[in-house]
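All residue numbers in this chain count up from 1 along the given sequence. Values below: every heavy atom of this structure, side chains too, minus hydrogens, waters and symmetry copies. As the structure lists them, so they are numbered: ligands from 1, and atoms in each ligand from 1.
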Amino acid sequence: MAKVLCVLYDDPTDGYPTAYARDDLPVIDHYPGGQTTPTPEAIDFAPGHLLGSVSGELGLRSFLEKAGHTLVVTSDKDSDGSVFDRELVDADIVVSQPFWPAYLTADRIAAAKNLKLAVTAGIGSDHVDLDAAIAHGVTVAEVTYCNSISVAEHVVMTILSLVRNYLPSHRVVLDGGWNIADCVARSYDLEGMQVGTVAAGRIGLAVLRRLAPFDVKLHYTDRYRLPREVEEELGLTFHESAAELVPFCDVVTVNAPLHAETEGLFGDELFGTMKRGAYLINTARARIVDRDAVDRALRSGQLAGYGGDVWYPQPAPADHPWRTMPHHGMTPHISGSSLSAQARYAAGTREILESWFARRPVRDEYLIVDGGALAGTGAHSYSVRS
Ligand code: NDP
């Protein structure tokens, strides 16, 4: 029997919800491209309920306990002697989320003698030291595609909010004001702008598709080129690298995983090559950009706006400069954790666990590391240091 250690974000400050804004979710059984949404044998939760916080338990408790496994759920992951560190010592499986990442460092993996499986209830397993997972034979899996469209929607929302100066204008209303000029002195139309994505995988391509009707000019870079018919359909211009793409763009969105090739990609040097007044939207991972260079570029006017939802570390400390830098549209890490996405990543986590316990192969598209090497989606999209 396995001990499953699940690290989730805290419940709402006024307690776990007893009612919701809406009664149901649209039924989605396939993603673009045909991959099916998660197919667990059963679920023990109501889609549309809060599953990603501690009391939501990803809807896993009765499934695991009926099968004789132990489930420990905590949000306490970073303090000295945290519940996570204490319980990790004899855990067989860790389930964590990018929104509230339980950083599985090399030291922690070495200390977790029983650890065999690390599941990311979401997408993006960079909070797991993949080299250490490979070295210790730990399988890493994530629920590929579960929240890609959720993030793409957030990217489009953030682009429009920044370009149109939505958030400061909303603030004028909240503050009882009506100075139109204050609102519009930084407000533009997106129409006609050059918009580029660094990476055109599931999220990046979904962003391109959603932006095409805005009559913008679309650019992308990626390690592999998209099929020619997709380039033609969307009128895409391909660039060999981010460095080649950014000088053309009014808006840049980052949709690549964090790994050795992308860490620190956006710093003073790259910002210096962007058009003055460009917007940068990063919902991928914070460490793809240099924290202080973003702050400098906004203050100098080189960037007109920065938005996204990813920080380092998470949760971000109260004095993190991105909380107070000008012209930002940051949120906590929420874009991939809408109630809609939660239903999919909870079901996907259950599907992975069902396969694991039944000794069936985990879907290839969910695998990042397996058998001591990058595998499945991991082999395609990630790189390791060694
Ligand atoms: P995909 O794997 O579908 O796409 C990632 C793309 O990035 C792939 O096309 C990959 O190329 C490309 N890529 C990798 N390295 C580079 C590079 N050095 N330069 C250019 N392109 C590169 O993943 P998703 O689109 O679903 O997700 C992307 C990332 O977004 C995740 O890794 C995660 O970090 C983040 N994310 C954030 C969420 C949030 O809540 N904010 C939620 C979900 C994801 P190829 O495959 O061609 O090698």
Side-chain angles (χ1 to χ4, degrees), residues 9 31-33 35 52 96-101 120-128 130 140 142-158 196-210 219-227 230 236 238-246 252-266 270 281-289 307-312 314 316 329-338 340-342 344-345 348 364-368 374-384:
Y9 48 78
Y31 301 112
Q35 182 186 317
S96 174
Q97 307 182 94
F99 324 105
W100 189 258
T120 302
I123 304 175
S125 297
D126 48 274
H127 58 282
V128 180
L130 297 183
V140 181
E142 60 186 46
V143 189
T144 303
Y145 231 143
C146 65
N147 54 16
S148 302
I149 302 304
S150 323
V151 178
E153 290 186 2
H154 194 99
V155 172
V156 174
M157 174 188 78
T158 308
T197 176
V198 175
R202 295 174 186 84
I203 296 173
L205 181 56
V207 169
L208 292 169
R209 286 195 182 288
R210 278 156 183 72
H219 302 253
Y220 80 103
T221 182
D222 198 292
R223 297 202 300 187
Y224 299 90
R225 211 161 159 165
L226 290 166
V230 176
L236 304 179
F238 173 75
H239 302 265
E240 289 291 342
S241 65
E244 288 181 29
L245 171 135
V246 300
V252 175
T253 155
V254 185
N255 298 295
L258 173 67
H259 61 131
E261 286 172 21
T262 56
E263 187 165 357
L265 181 63
F266 281 82
L270 201 57
I281 290 80
N282 176 15
T283 51
R285 284 295 178 263
R287 285 186 293 153
I288 296 174
V289 304
D309 67 331
V310 285
W311 307 67
Y312 186 79
Q314 291 188 173
M330 294 297 294
T331 63
H333 193 163
I334 57 162
S335 67
S337 198
S338 58
S340 322
Q342 289 175 40
R344 288 188 293 272
Y345 66 65
D364 206 45
E365 61 257 35
Y366 291 164
L367 288 174
I368 303 299
L374 290 175
T377 290
H380 189 73
S381 296
Y382 285 79
S383 61
V384 288

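Looking only at protein heavy atoms, the nearest one to atom 25 (O) of ligand 1 is Ile203 N, 2.8 Å. Closest to atom 4 (O) of ligand 1 among all protein heavy atoms lies Gly201 CA, 3.3 Å. Protein heavy atom in closest approach to atom 26 (O) of ligand 1: Ser148 OG, 3.1 Å. With respect to atom 2 (O) of ligand 1, the closest heavy atom belonging to the protein is Ser381 OG, 3.1 Å. Asn255 O, 3.4 Å is the protein heavy atom nearest to atom 28 (C) of ligand 1. Annotation: atom 31 (C) of ligand 1 to nearest protein heavy atom, Ile123 CG2, 4.1 Å. For atom 20 (C) of ligand 1, the nearest non-hydrogen atom of the protein is Asp222 CA, 3.8 Å. Among all protein heavy atoms, the one lying closest to atom 42 (C) of ligand 1 is Val151 CG2, 3.3 Å.
Every atom of ligand 1 with a heavy atom of Thr262 under 4.0 Å away is listed here by number and element: 17 (C), 18 (N). In summary, the atoms of ligand 1 found under 4.0 Å from a heavy atom of Pro257, numbered by their order in the structure, are 5 (C), 7 (O), 13 (N), 14 (C), 32 (O). Interface atoms of ligand 1 facing Ala199, defined by a heavy-atom separation under 4.0 Å, are 6 (C), 7 (O), 12 (C), 21 (N). Ligand-side atoms of ligand 1 in range of Ser335: 39 (C), 40 (O), 41 (N), range being under 4.0 angstrom from any heavy atom. Counting atoms of ligand 1 from 1 in the listed order, those under 4.0 Å from a heavy atom of Gly336 are 40 (O). Residue contact check: Tyr224 has heavy atoms under 4.0 Å from atoms 45 (P), 47 (O), 48 (O) of ligand 1. Atoms of ligand 1 found under 4.0 Å from any heavy atom of Asp309 (numbered from 1 in listed order, with element): 40 (O), 41 (N).
The nearest pair of heavy atoms linking Trp311 to Ala316 is CE3-CB, 3.5 Å. Contact detail for Phe238 and Thr221: the closest heavy-atom pair is CE1-CA, 4.2 Å. In this structure, Arg344 and Cys146 approach most closely via the heavy-atom pair NE-O, 2.6 Å. Across every non-hydrogen atom of Leu208 and Ala200, the tightest pair is CD1-CB, 4.2 Å. When all heavy atoms of Val310 and Asn282 are compared, the pair lying nearest together is CG2-O, 3.3 Å. Heavy atoms only, all atoms of each residue included: Ala206 and Ala152 are closest at CB-CB, 3.7 Å.
Between His259 and ligand 1, at least one pair of N/O atoms sits closer than 3.5 Å. Close N/O approach between Phe99 and ligand 1 is not found [any backbone or side-chain N/O within under 3.5 Å].
Between atom OG of residue Ser335 and atom CD1 of residue Ile203 there is a gap of 7.0 Å, rounded to the nearest 0.5 Å.
When the heavy atoms of Arg223, His127, Glu240, His333 are ranked by distance to atom 16 (C) of ligand 1, first place goes to Arg223. If you check each of Ala286, Gly124, Ala284 against atom 35 (C) of ligand 1, the one with the closest non-hydrogen atom is Ala284. Closest to atom 37 (C) of ligand 1 by heavy atom, among Thr283, Thr331, Asn147, is Thr283. Distances from atom 23 (O) of ligand 1 to the heavy atoms of Gln97, Glu263, Arg202 show the closest one on Arg202.
Although no hydrogens or angles enter the test, the distance criterion places a donor-acceptor pair under 3.5 Å between the side chain of Thr262 and the main chain of His259. Using a distance-only test at 3.5 Å, with no hydrogens or angles considered, a donor-acceptor pair links the side chain of Gln35 to the main chain of Thr144. At distances below 3.5 Å, not a single donor-acceptor pair connects side-chain atoms of Thr283 with backbone N or O atoms of Val155. Distance alone, capped at 3.5 Å, places no donor-acceptor pair between the Tyr145 side chain and the Glu365 backbone. Using a distance-only test at 3.5 Å, with no hydrogens or angles considered, no donor-acceptor pair links the side chain of Gln314 to the main chain of His333.
Proximity of His154 to Ser338: side-chain heavy atoms (C-beta onward) are nowhere separated by under 4.5 Å.
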